[in-house]
Amino acid sequence: MDLISELTQYLISGLTSGAIYAIIALGFTIIYNATEVINFAQGEFVMLGGMVMIAVDATGRFPLPVSFILAVSSVTLVGVVFQRLAIQPVRRPSAITLIIITVGASIFLRGVAMLVWGKDPLGLRPFSGVSPIAVGGATLTPQSLWVLSVSVVVMAGLQFFYKHTITGKAMRACAFSRRAARLVGISVDRMVLISFALSAAMGAVAGIVVAPITLCGYDVGTMLGLKGFCAAVLGGLGSSPGSILGGFLLGILEALGAGLISSGFKDAIAFLILLVVLFLRPSGLFGPREVKRV
Amino acid sequence: MLKVRSLQTFYGRVRALDTVSLSVRPREIVTLIGANGAGKSTILNSISGLIPSREGEILFQGKRLNGQPPEEVVRLGICQVPEGRQIFQPLTVLENLELGAYLRFRKREKREIRRDLETVYALFPVLEERRQQISGTLSGGEQQMLAIGRALMARPALLLLDEPSMGLAPRLVLEIFRTIRHLRDQGLTILMVEQNARAALKIADRGYVLETGRIVLQGSARELLDDNDVKRAYLGRDYREFAEGRM
């Protein structure tokens, strides 16, 4: 394989994992904007999405789209229950208390998943076919196409939600100033609940589409969550376009690093990027650009 | 319409309001004047449900507001234009106005909302011109208009205004105050906190003077404008004239 097709190949796999990171990063961003909390259970939403999907599909009773909807809605429910049981009842919540609660929730969810599905990773059949498509000198699997198109749909859907629905606008208002939002009658509590639901749903989608490519086990959430977090920080916490760009950038850099240097470095690259960003530009690529007038 | 009875509010252990009682009648402009930290904004925020009060009672059209969350207060018909405007800066002018009607959107009053949007545009034509502009880029005066417009979109019965003239050029202050009086003439009731006591008393029907969390004086706007203590303490610009016996 010549260099060009080799690079194309890295680019394809980078875009695929980048799309996943981007969706996970968006999940972090949604909750961060509503609560200023980093939800460390985000990766567990991803894992649950994959695991529930595999479990539902294994019953053999439902076509894939139905299993998909079932899996996403049950993980969304987990997100809602999590917010209602563990986040909302906290009196005098400080960001750090809530963050530690999310760490606890992540360990809890991982434990439950291990008890339910065991320690061995499980696989999911690809959504459609396995015969690779040739692109230039490289190949693209149909599942990669699924990942890319589903993530584009998710991102566009989220943009639509933020820009064209009153609830989405209320969430943006809330992210800017909770106090002002309350004064126009927006229930912050409701916005926080919606953010957890939305974020869990996004995580689930990521977990489902990636399951046929990588196996899914009770512990995949940790690494995927951290990668998504790196992407969110790289893009600038709180920024949706930043999360998307950060996700793709991270995926591509990772793929290039793994391909050109050594695949042993794959995971290290994400954390190296995280450190560099935190040292050089903690606000990320699209850091909080506040329009302020004094 | 609004009755506040012996309200006491604390910030931690510091008493911010000491048995404050006041009332606002329908279609009145009532103003609260007093120095910084006298507790004027605290009264508005207690009414809006942002600050819990320890004792006393807030009644609006016979309903108790104590302990109600801000969104419920808005639903009942009280809207606050907060100090420093607090518009949603990253959002467009139109989005800000739409969010003013947030609770009504959820009640599916689409047609009425569109009509009210036209009313707000008629009141502040500049907002219509700039409806697609990011609101953070508006000038101070335009932001104040947007903040008032946003509050009107909720169709309040009682409008709470916190320092509407803050940071505005004198010409704009005049314009904002003229608008406030116009709104009252349209049937709105207004409770307004102002540092600019003179301008506020000129358009108000009645006023209350606050000092360190207590109401020390109340009366018609005319009486307060003529009161020597008020003149000395709050209508500073005329102090010299006052001292020289020219008033």
Side-chain angles (χ1 to χ4, degrees), chain A residues 29-30 32-34 36 88-89 91-94 158-195 235-243 283-284 286-294, chain B residues 44-45 47-51 69-92 94-108 110 113 133-143 147 150-156 160 162 167:
Chain A
T29 295
I30 293 167
Y32 178 79
N33 276 338
E36 281 169 29
Q88 196 213 16
R91 286 195 301 159
R92 293 192 212 158
S94 70
L158 191 67
Q159 272 318 295
F160 181 84
F161 170 73
Y162 276 141
K163 296 269 173 184
H164 297 286
T165 68
I166 192 74
T167 309
K169 290 172 194 173
M171 285 189 79
R172 283 160 61 212
C174 208
F176 175 72
S177 163
R178 259 171 269 180
R179 184 191 169 85
R182 300 190 76 185
L183 283 176
V184 299
I186 296 169
S187 158
V188 173
D189 176 54
R190 200 181 126 85
M191 293 301 127
V192 171
L193 183 64
I194 294 174
S195 77
L237 259 180
S239 153
S240 304
S243 293
S283 59
F286 281 75
R289 306 161 291 163
E290 281 178 26
V291 199
K292 273 218 171 108
R293 206 174 240 278
V294 186
Chain B
L44 294 195
N45 289 335
I47 297 171
S48 278
L50 286 173
I51 308 173
E71 54 269 23
E72 190 53 35
V73 175
V74 175
R75 200 189 307 274
L76 289 171
I78 302 181
C79 244
Q80 187 188 142
V81 179
E83 187 176 351
R85 325 229 237 241
Q86 303 225 15
I87 57 166
F88 304 121
Q89 299 202 7
L91 277 64
T92 66
L94 178 60
E95 285 171 335
N96 268 274
L97 292 173
E98 286 173 341
L99 283 171
Y102 174 73
L103 290 172
R104 301 170 58 208
F105 263 103
R106 300 197 49 213
K107 281 194 283 174
R108 315 233 167 264
K110 284 243 164 86
I113 292 171
Q133 197 169 318
I134 300 297
S135 61
T137 63
L138 295 178
S139 73
E142 290 161 351
Q143 292 196 8
R150 183 180 66 184
L152 292 177
M153 289 299 290
R155 275 222 182 154
L160 309 177
D162 198 347

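Letters A, B, ... mirror the listed sequences (proteins, then strands); counts begin at 1.
Across every non-hydrogen atom of A/S187 and B/Y102, the tightest pair is N-CE2, 4.5 Å. A/G185 approaches B/E71 most closely through the heavy-atom pair O-CB, 3.3 Å. Taking each heavy atom of B/L99 and A/A173 in turn, the nearest pair found is CD1-CB, 3.5 Å. Here the shortest heavy-atom pairing between A/F176 and B/F88 reads CD2-CA, 3.8 Å.
Residue B/L50 touches chain A through its side chain alone, counting heavy-atom pairs closer than 4.5 Å. There is no contact between B/R85 and chain A, counting heavy-atom distances below 4.5 Å. When heavy atoms are compared at a cutoff of 4.5 Å, B/R150 approaches chain A solely by way of its side chain, counted from C-beta outward. Of the two parts of B/L160, neither the backbone nor the side chain holds a non-hydrogen atom closer than 4.5 Å to a non-hydrogen atom of chain A. If you measure heavy-atom distances from B/N45 to chain A, the contacts under 4.5 Å come from the side chain alone.
Annotation: side chain of A/L183 is not in contact with side chain of B/V81 (no heavy-atom distance under 4.5 Å).
The list of salt bridge (Lys or Arg N to Asp or Glu O under 4.0 Å) pairs with a residue in residues 160-181 of chain A, not counting sequence neighbours, reads A/E36-A/R178, A/K169-B/E98, A/R172-B/E95.
Taking B/E83 as the reference, nothing meets the salt bridge (Lys or Arg N to Asp or Glu O under 4.0 Å) condition, with sequence neighbours excluded.
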